[in-house]
*Asks:* 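Submitted below is the structure of interest, expressed as C-alpha cells.
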There are 2 protein chains.
Amino acid sequence: METLQTDALAFSEFMTGLTPSQDARVSSAAPARVPCEGCGARRLCQAAQLCRGGDDRPVSLPVCARKVKAGEAVYRAGDPLRNLYTSRAGTSKSIRLYRDGRQQITGFQLGGEFLGMDAIATGRHQTEAIALEDMVVCVLPYREIEALADAYTDVRRGMERMLSQEIVREAGLLMLMGNLSAEERVAAFLVDLSDRYAERGYSALAFTLRMSREEIGSHLGMKLETVSRMFSRLQQRGLIALHGKDVRILDLPALRLV
Amino acid sequence: METLQTDALAFSEFMTGLTPSQDARVSSAAPARVPCEGCGARRLCQAAQLCRGGDDRPVSLPVCARKVKAGEAVYRAGDPLRNLYTSRAGTSKSIRLYRDGRQQITGFQLGGEFLGMDAIATGRHQTEAIALEDMVVCVLPYREIEALADAYTDVRRGMERMLSQEIVREAGLLMLMGNLSAEERVAAFLVDLSDRYAERGYSALAFTLRMSREEIGSHLGMKLETVSRMFSRLQQRGLIALHGKDVRILDLPALRLV
DNA sequence: CGCACGTTTGAGCACCATCAACTATAGTGG
DNA sequence: CCACTATAGTTGATGGTGCTCAAACGTGCG
C-alpha cells in the first residue's frame, strides 16, 4: 500500500477507480456516472452494499462521481437532503455551526467513509462537509437509496447499521469529551486514525494528518496550542514522532493506554 | 396537564394507559400484552407510528408493557438486541461504560421517548438503561419491528428518522461539551428539559429533576460540585428558583441566551 | 433519634485557555 | 534563485475555570 502512495498516478487511479479518460469527464460542473465495479475503494466502501446489484438484486444504485477541491463543500448546512456521499479519495471534515458563530467539527471522513447521514431526520443537512484536500466523492441520490431500501432488505439493514454506527461513534466522542484529559484525547484521536487507516489498508503506524492543529482542537474540544503541546508531550514520552503533519507511531500499545 | 399531576391515580392511568385491573397483569416477571389504543401517551409516543396498524397496514406491533423499578435496568450493556423500548411512564438514564470503570450518561429518556437504538449497529446494547424512578416501558420486539419495517415503507422511514434524530441530538451534545462553559451547559440542560416537558404537555417552567447532581454532571461532563455551583449561580442571577430537585424557570428567554 | 445520603459551600490547586513571541513552511513574484 | 509574505505550528508566561479535598447542612428513612 505504501508503494502506491509513492506512485501518485497509480494511487490516484486506484482510489478513484477512474482511468485518465474517464477522469476527464468527472468535474464539479458535470458529474459523470461511474460504475462501482471499477472502483478500487469498493472493497472498503461503506456504501458498497448499497451500490452493487446482488444476485437477488438486479438494479444497482446509479453512482455519480464528483470532484471536490480542497476547501470546497460537499454539502452545506441547511441544504435539502438530495444525496448521501462516500469519499472515493480524500478526507473531509463535518462542521456543525452554532448560533453565535461558534462551530464544532463533529468528525473527519477518510476514503471509503460515508457522509451526510445527519440530514435524514429533518430532510436538511445539519452539518456541512468541507474537503480538507482534493476529493472524489460518490454521489448517492437519496431517493434511489430509499427506493432500493424499500425493495431490498439487506440495503435497509445496511442503512440502519450505518446510522446506528454513527450513534455509537458519537457516543464514544462524548465519552472522550466528558472524561478524558487533553493528552488522553489527542492520544485517542491518533489511535482512532491509526485504526481507521489500518482498516483501509494503509499503514497504521505512519500517516499524514490532513487537518490542521486548529481543526483537531475543534474536534476534540480544546485549543490549537493545547493540541500542539500534547503532541510535543507524546513525542517527549517516545510514543510518537512527528514532523509537521507526518506522524509516526512508535508505541501503539502504549498510546492506547494513555 | 398540571391537574393530572396532582391526581396520582388518574395521572398513572393516563401515562400507562392501563386500568387498575390491567395494571395487575403488568409486572417485571410476566409482561402483558397491551394495546397501543389504550395508551394515554400514544399521541406523544415516538414509537406510535410503528405500533399502530394504519389503513394500509393490517398488522400492528404486539406491544408488551413491563414495569421497571427505580434503579433497575431496562437493558444492560452487552445484552443482545432483542427489544427496543419506549417509556410509557418514568425517566431513565443511558449509561455508557468504559474500560477503566469510568462511565458517562449519554442521555435521559422521558415518558414517550425511545430507548435502545444504540444496539442496532452491533446487535448488542452498547449502553445500559437504568430507571431513575419506577417506570412502565413498552417492549417492542426488534424482530417484529424489522418485519414491519420490511413490509411498510412508513415504518422504515420512521426508524431511519429516529436513528438520525439521535445522531443530531448527540451532535448537539458534542457541541455543548466542546464549546460551552459549565454555566452554559447547565442552562442548556435545563432549557432542553423544559422543551421536552413542554412537548409532552407538562409545564415548561416548573418540573422536578429525576436525576441527581452527580448524574447531571456525568451527562454534561463536569463534577457534581460544579453542577451545584452553577445552579446556585443561575438562581442568584434570578433565572431559576430551585428547592432540592424542584425547578422553576423564572426567565426562560434569558436562560436560552446564557 | 441517629444514620446515610445528597447537596451546598469554601479553600487551594491543576489544567487548560489566553496572550504573545518566535520558528518553520509554503507560496508568490521579482 | 532569493527575498517577501502569509499561514501554520511551537513554546513560554500568566490567569481563570473547574477539579479536589473538606466541612457543614439539610432531608429522608430505619
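A quick note: this is a predicted structure, and the numbers were derived from the prediction, not measured. By convention in this document, chain letters (A, B, ...) are assigned in the order of the sequence lines, proteins followed by strands, and residues within each chain are numbered from 1.
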*Asks:* Donor-acceptor pair under 3.5 Å: do we get one between Glu183(A)'s side chain and the base of dC15(C)?
*Replies:* no
*Asks:* Any side-chain N or O of Lys223(A) less than 4.0 Å from the OP1 or OP2 oxygen of dC19(C)?
*Replies:* no
*Asks:* Here's a test for you: under side chain to side chain donor-acceptor pair (under 3.5 Å), which of Glu113(A), Arg210(A), Glu133(A), Gln109(A) qualifies with Thr91(A)?
*Replies:* Glu133(A)
*Asks:* Looking at dT10(D), dT20(D), dC16(C), which one has an atom nearest to any side-chain atom of Ser228(A)?
*Replies:* dT10(D)
*Asks:* In whole angstrom, give the distance that lies between atom CG of Leu234(B) and atom P of dT9(C).
*Replies:* 13 Å
*Asks:* Within this structure, what is the CD-to-P distance between Glu215(B) and dC5(C), rounded to whole angstrom?
*Replies:* 15 Å
*Asks:* How do Glu225(A) and Arg185(A) order along DNA chain C: which one's closest nucleotide is nearer the 5' end?
*Replies:* Arg185(A)
*Asks:* Contact between Tyr85(B) and Val68(B) at the side-chain level, heavy atoms closer than 4.5 Å - yes or no?
*Replies:* no
*Asks:* Are Glu184(B) and Arg233(B) within salt-bridge range, i.e. N to O under 4.0 Å?
*Replies:* no
*Asks:* Decide yes or no, distance alone: a donor-acceptor N/O pair under 3.5 angstrom between the base of dT9(C) and the side-chain of Arg213(B).
*Replies:* no
*Asks:* Ignoring the backbone of Met222(A), work out which of dT10(D), dT20(D), dA17(C) is nearest its side chain.
*Replies:* dA17(C)
*Asks:* So, is Lys245(A) near the phosphate of dG9(D), with a side-chain N or O under 4.0 Å from OP1 or OP2?
*Replies:* yes
*Asks:* Could you state the atom-to-atom distance from NE2 of His243(B) to P of dT27(D) in whole Å?
*Replies:* 11 Å
*Asks:* On the side chain of Arg229(A), is there an atom forming a donor-acceptor pair with the base of dG12(D) - under 3.5 Å, no angle test?
*Replies:* yes
*Asks:* Could you state the CD-P distance from Gln236(B) to dT9(C), rounded to the nearest angstrom?
*Replies:* 8 Å
*Asks:* Without decimals, in angstroms, what is the distance between Leu242(A) CG and dT23(C) P?
*Replies:* 19 Å
*Asks:* Rounding to an integer number of Å, can you tell me how far Leu224(A) CG sits from dA17(C) P?
*Replies:* 10 Å
*Asks:* Over how many whole Å does the gap from Met211(A) atom CE to dT7(D) atom C1' extend?
*Replies:* 18 Å
*Asks:* Below 4.0 angstrom from OP1 or OP2 of dT11(D), is there any side-chain N or O of Ser232(A)?
*Replies:* yes
*Asks:* Any side-chain heavy atom of Gln104(A) sitting closer than 4.5 Å to one from Ile95(A)?
*Replies:* no
*Asks:* Rounded to the nearest Å, what distance is computed from the CE atom of residue Met230(B) to the P atom of nucleotide dT8(C)?
*Replies:* 12 Å
*Asks:* For the helix from dC1(C)-dG30(D) to dG30(C)-dC1(D), what angle lies between the axis at the first five pairs and the axis at the last five pairs, to 10 degrees?
*Replies:* 30°
*Asks:* Are the charged groups of Glu199(B) and Arg196(B) less than 4.0 angstrom apart, N to O?
*Replies:* no
*Asks:* Can a donor-acceptor pair be found, under 3.5 Å and without considering hydrogens, that links the side chain of Lys93(A) to the backbone of Leu132(A)?
*Replies:* no
*Asks:* Less than 4.5 Å apart, any side-chain heavy atom of Glu183(B) and any of Val258(B)?
*Replies:* yes
